[in-house]
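Reading through the structure tokens given below for one structure.
By convention in this document, chain letters (A, B, ...) are assigned in the order of the sequence lines, proteins followed by strands, and residues within each chain are numbered from 1.
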There are 2 protein chains.
Amino acid sequence: MDDGTTSQRVTIRTVAQDAGVSVSAVSKVLRNAYGVSDELRKKVDSSISRLGYRPSMAARSMRGRTQTVGILLVEMENPFLPVIVSGIMNELSQANYKSMLAVGRADMMIETSLIDSMLDFRMDGIILVAPRLKGALLSKYAKQIPTVVVGHHEPGSTDFDTVNGNDVEAMRQIVRRVHRDGRRRIEMVSIDRSSNDSDVSYQREVGYTAEMMALGLTEHIRINRLSEQHKREAIAPLVARPDQPEAYICWSDLHGIDLVSQGRAKGWRIPSEIAVVGFDDSPAAALPQIDLASYNHDGARQGAEGTRLLLSRIHGRTDARHVLVDGKLIERSSLTA
Amino acid sequence: MDDGTTSQRVTIRTVAQDAGVSVSAVSKVLRNAYGVSDELRKKVDSSISRLGYRPSMAARSMRGRTQTVGILLVEMENPFLPVIVSGIMNELSQANYKSMLAVGRADMMIETSLIDSMLDFRMDGIILVAPRLKGALLSKYAKQIPTVVVGHHEPGSTDFDTVNGNDVEAMRQIVRRVHRDGRRRIEMVSIDRSSNDSDVSYQREVGYTAEMMALGLTEHIRINRLSEQHKREAIAPLVARPDQPEAYICWSDLHGIDLVSQGRAKGWRIPSEIAVVGFDDSPAAALPQIDLASYNHDGARQGAEGTRLLLSRIHGRTDARHVLVDGKLIERSSLTA
DNA sequence: CATGATCTGTATAAGGTTCTACGTATAACG
DNA sequence: CGTTATACGTAGAACCTTATACAGATCATG
């Protein structure tokens, strides 16, 4: 306390001095490494809490692990993403890891710059949530740092792991459920693939088509693709059609919400004549005025699963894993009477 | 390239070697410090881009600035918060700063641990968005690191700056607008203050009361306080009242949404008999089925303003500033015919 | 031409941790 | 009692950058 070397900040050296041991001993306790007696640990621990010592991340990251993983979020507006993040953080805090979150703006340039930034900060690994970046670029990064990609189908990759909702199975399940009520003219509302090159939309169409065929409803397959831009107007012609099907299964709640509200205004009897099912189980779908049945993809679980993969990868695994997470259909009055 | 010292990572040393200058010279260029000729700079810059060198944040933060500020978000579910964050990030990127985002879970323990974490990472400053932490604790941190608090009234503080929506003025404006249509029995729906000790609810009540008095409507002042927990049921008695006022001004869209939907179901004529105004302009309020008038508090501007304050504080300012940001009332069919 | 001032670039000491290699004390064993 | 194995603790280099102090060159001035 009152010897010559007293400086401002309390460092590992201060602790060592206070506890009367070597710097390396303290470091060992900190990392609970091999070769430290209970007695030593006790001395050091009490010095640490007495002095309120906190290891400097900066110094730490120059040599060893930071115990911190970077999370890159494609954007913040989509309410599905926070759920994934909270799943990630839950799992991380259990493993005593910290996180550093960065938010892109659905822009590739920004995304790359943010990933670079995480490399600069020496994160132990990164979790990319629904990135816009394509496989080749992702692979480039994945070679430099343990990487897991959530919500972005790319099951062929050998450099990073992926976690996704099981879109195909989800769609099949929805189709089966709707069919169980005796409906046969079941159509899908999807988005124009050219506007969004991700695989996500495609997977859902595959599931729809596959199950329709499995149920012998091949002749009723019909996919209405809307441009992603002008949702509200784009859906009008669908509502105005004279020949309505018995059910619409939508690629997203956005479509579903517009459909039920415009449909109700037009006098549709929902669900008796026409059932509508959305996708994503967004907060708006749950509003009593909307009450749109929707598929919940268990974002928290996707996040948790991705985190577990990343941690095992940080601990040395090198082969790529690809996980599909099942969700469940939330029944509401747009589907169930 | 092929001399003995070639290791994996490209460091400042690699660059120096490649450019045929000293390490310190490179560092000077990097920081554009005094005493470097144009010629030298050119040599170094070209080596940097040829080698794809990126300075290590870890090493950098051990001595100088990180050029990174920490953002602490109270939680992620509230859709108002991402807007603030995007305002912050916009402003930061213009000033060539990076950000590190951490998300609490509306829990004080977690918040303190996250702030500690930002100190460990040697952020140049922190922006706390709607923190749960109280003034004394905030002051403690503010003494260690430049701090700005957004969305958390605490105008008395001398240790940190604050940015807030101008709640009093907002409420006065809403009351005036509603009164302009000839309505006099204007009530407020607020939350039980004991459940939320923040100042936010109080400010809005103040504004409501003040304007009602200014308009000579003192006798009609009535504040209905609901417990924060069971919103949907808590609002039922309000809807069931036999003596309805001519307008409800709500503390939050959550109340407003329930009010318009349950009210419409009950046969209220909105807005001719009863007007409803929410607060926050959440996405759900804008849904055509809801169409709830609401006050938009310009979160992006609050974020930007906070960022500017932080940067000036990082650059040496020490006196505390307290900024109020005005927003605007978004008129929708729950208010305007 | 000597002197001082200015301008460029360099050498080098922090800065706080981790981690390998090593030394010492203690225990176990014949 | 001597030898070996094991547990505990320590020295010190390495990590990459910044920043201070200084040396050398160039230029202006008396």
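Spacing between atom CD of B:E39 and atom C1' of C:dC7 amounts to 14 Å, rounded to whole angstrom units. Rounded to a whole Å, the CE atom of B:M57 is 9 Å from the P atom of D:dT18. Counting to the nearest Å, the C1' atom of C:dC7 and the CZ atom of B:R41 are 15 Å from each other. Note: CG (A:L30) to P (D:dT10) measures 15 Å, nearest angstrom. Going from atom CG of A:D38 over to atom C1' of D:dC8 covers 12 Å, rounded to whole Å. B:K28 places its NZ atom 7 Å from the C1' atom of C:dT8, with the value rounded to the nearest Å. Separating the CZ atom of B:R31 from the P atom of D:dC16 is a distance of 18 Å, rounded to the nearest angstrom.
A donor atom on one side chain and an acceptor atom on the other are found under 3.5 Å apart for B:S27 and B:R31. Judged purely by distance below 3.5 Å, without hydrogens or angles, the side chains of A:S312 and A:R317 pair a donor atom with an acceptor atom. Using modelled atom types, one finds a donor on one side chain and an acceptor on the other under 3.5 Å when comparing B:D116 with B:Y141.
Contact check, B:R60 against D:dC16: no side-chain N or O comes under 4.0 Å of OP1 or OP2. Residue B:S56 places no side-chain N or O under 4.0 Å from the OP1 or OP2 atom of D:dC16. Close to D:dT20, at under 4.0 Å from its OP1 or OP2, lies no side-chain N or O of B:Y34. The phosphate of C:dT18 has OP1 or OP2 within less than 4.0 Å of a side-chain N or O from A:S27. The phosphate of C:dG16 (OP1 or OP2) has no side-chain N or O of A:R13 nearer than 4.0 angstrom. Here B:T11 reaches the OP1 or OP2 of D:dT17: one of its side-chain N or O atoms lies under 4.0 Å away.
Listed nucleotides C:dG9, D:dT17, D:dG9 differ in distance to B:S37; the shortest reach to its side chain belongs to C:dG9. For A:M62, taking side-chain heavy atoms from C-beta onward, the closest of the listed nucleotides C:dG16, D:dT18, C:dT10 is C:dG16. Of all nucleotides listed (D:dT10, D:dC8, D:dT18), D:dT18 comes nearest to the side chain of B:I12. Side-chain proximity of A:R122 to D:dC16, D:dG9, C:dT18: nearest is D:dC16.
The pair B:D45-B:K43 does not meet the salt-bridge criterion, since no charged nitrogen lies less than 4.0 angstrom from a carboxylate oxygen. The pair A:E39-A:K42 does not meet the salt-bridge criterion, since no charged nitrogen lies less than 4.0 angstrom from a carboxylate oxygen.
A donor-acceptor contact under 3.5 angstrom links the side-chain atoms of A:S24 to the base of D:dA11. The base of D:dA14 sits with one of its N or O atoms less than 3.5 Å from a complementary donor or acceptor on the side chain of A:R63.
Between A:Y53 and B:A25, the residue whose closest nucleotide on DNA chain C is further toward the 5' end is B:A25.
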